[in-house]
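Here's the structure we're looking at; comments come further down.
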Amino acid sequence: QVQLVESGGGLVQAGGSLRLSCAASGRTFSSYSMGWFRQAPGKEREFVAAISWSGGTTYYADFVKGRFTVSRDNAKNTVYLQMNSLKPEDTSVYYCAIYATPKLFYSFRSGYASRGQYDYWGQGTQVTVSS
């Protein structure tokens, strides 16, 4: 049974920083790419960032480029999302997800932003940015 548990959310002022963590179990973590998505009330869940199984390739949504950094520690089965220069519009529930197929770069390269390519999701962690 795959489990993903996010932590690190909270309330922060605009311009501040938070680091989200997602601990994974139930799958060979080092073989799977990981993604971060977010969902604000009344909006669709949207892609934020993704990282390949080795950590060698990362992708970001345009609205977080230069502010957010995704990383992973395969020894700890954990993926991180460092969020800097936070804005009120970053307020959302943030979810981590694990890619459905292991070690297929062509699949990850084309599908990293698609929710349907991820088969397990965490419960989400709330991030609130005050102005």
Side-chain angles (χ1 to χ4, degrees):
Q1 179 72 16
V2 176
Q3 285 194 318
L4 302 174
V5 180
E6 300 102 335
S7 61
L11 173 65
V12 64
Q13 288 189 330
S17 298
L18 283 174
R19 188 174 84 152
L20 306 183
S21 300
C22 172
S25 62
R27 188 173 275 182
T28 305
F29 182 74
S30 59
S31 294
Y32 289 84
S33 300
M34 299 292 294
W36 285 98
F37 290 74
R38 71 186 188 185
Q39 187 168 20
K43 294 189 176 181
E44 295 268 319
R45 190 170 298 189
E46 63 182 356
F47 168 75
V48 175
I51 186 166
S52 63
W53 58 93
S54 66
T57 300
T58 56
Y59 297 103
Y60 296 93
D62 287 343
F63 54 78
V64 303
K65 280 182 182 176
R67 300 189 298 125
F68 290 12
T69 302
V70 60
S71 62
R72 65 190 295 158
D73 184 337
N74 285 344
K76 295 182 178 180
N77 289 359
T78 301
V79 62
Y80 305 97
L81 185 67
Q82 177 67 43
M83 306 186 294
N84 299 328
S85 303
L86 282 160
K87 305 175 182 180
E89 51 264 43
D90 293 319
T91 295
S92 282
V93 177
Y94 283 73
Y95 299 89
C96 69
I98 190 165
Y99 210 73
T101 52
K103 290 188 174 180
L104 286 177
F105 188 73
Y106 73 89
S107 171
F108 178 60
R109 182 177 58 192
S110 61
Y112 64 86
S114 172
R115 288 174 293 173
Q117 297 297 323
Y118 297 83
D119 59 349
Y120 287 93
W121 296 76
Q123 82 287 353
T125 185
Q126 176 71 46
V127 171
T128 303
V129 185
S130 64
S131 57

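The distance from the SG atom of C22 to the CD atom of Q123 is 8.5 Å, given to the nearest 0.5 Å. Rounding to the nearest 0.5 Å places OG of S54 at 7.5 Å from CZ of R72. Here the CD-CG distance, from Q13 to L11, works out to 8.0 Å after rounding to the nearest 0.5 Å. Here the CD1 atom belonging to I98 is positioned 9.0 Å from the OG atom belonging to S33, to the nearest 0.5 angstrom.
Judged by a 6.0 Å distance limit and a 45° cone about the ring axis, R45 is not positioned over the six-membered ring of F37. A cation-pi arrangement is absent between R115 and Y95 under the rule of less than 6.0 angstrom and at most 45 degrees off the ring axis.
At a threshold of 4.5 Å between side-chain heavy atoms, the hydrophobic network of Ile, Leu, Val, Met, Phe, Trp and Tyr places Y59 and Y80 in two separate groups. Residues F108 and L4 do not share a hydrophobic cluster, clusters being chains of Ile/Leu/Val/Met/Phe/Trp/Tyr side chains in contact below 4.5 Å. In the hydrophobic clustering of this structure, V12 groups with M83; members are Ile, Leu, Val, Met, Phe, Trp, Tyr whose side-chain heavy atoms approach within less than 4.5 Å, directly or through other members. Taking hydrophobic clusters as Ile, Leu, Val, Met, Phe, Trp and Tyr residues chained together by side-chain heavy-atom distances below 4.5 Å, V127 shares a cluster with F63. Cluster annotation: L81 and L18 are assigned to the same hydrophobic cluster (Ile/Leu/Val/Met/Phe/Trp/Tyr, side-chain heavy-atom contacts under 4.5 Å, transitive).
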Between T57 and Y112, does a side-chain contact (heavy atoms from CB on, under 4.5 Å) hold up when you go through it step by step? CA-CA 11 Å; T57 300; Y112 64 86; over 6 Å; no
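Looking at V2 and D119, their side chains never come closer than 4.5 Å, going by heavy atoms from C-beta outward. A 4.5 Å side-chain heavy-atom check between D90 and R38 finds at least one atom pair inside the cut-off. At a threshold of 4.5 Å between non-hydrogen side-chain atoms, the residues R27 and Y120 count as touching. Put simply, the side chain of M34 reaches to within 4.5 Å of the side chain of F29, judged on heavy atoms. Looking at Q117 and S107, their side chains come closer than 4.5 Å, going by heavy atoms from C-beta outward.
Within the 3.5 Å criterion, the main-chain N or O of V129 finds a donor-acceptor partner in the side chain of T91. For the pair E6 (side chain) and G124 (backbone), a donor-acceptor distance under 3.5 Å is present. A donor-acceptor pair under 3.5 Å links the side-chain atoms of R67 to the main chain of S85, judged by distance alone. Y60 places a side-chain N or O within 3.5 Å of a backbone atom of V70 that can act as its donor or acceptor partner.
With salt bridges taken as basic N to acidic carboxylate O contacts below 4.0 Å, one links K65 and D62.
Residues P88 and A14 come closest through the heavy atom pair CD-CB, 4.1 Å. Residues S17 and N84 approach most closely at OG-OD1, 2.9 Å, considering heavy atoms. Residues T78 and S21 approach most closely at CG2-CB, 4.2 Å, considering heavy atoms. The two residues Y32 and A100 make their nearest non-hydrogen contact at CE2-O, 3.8 Å. In terms of heavy atoms, L20 sits closest to G9 at CD2-N, 3.6 Å.
Ring geometry, Y118 versus Y99: the interplanar angle exceeds 60°, so the pair is classed perpendicular (tilted spans 30 to 60°).
Under the ring-ring contact (aromatic ring centres under 6.0 Å, His included) criterion, W53 pairs with no residue, sequence neighbours left out.
Taking the six-membered ring for Trp and the full ring otherwise, the centers of F68 and W36 sit at least 6.0 Å from each other.
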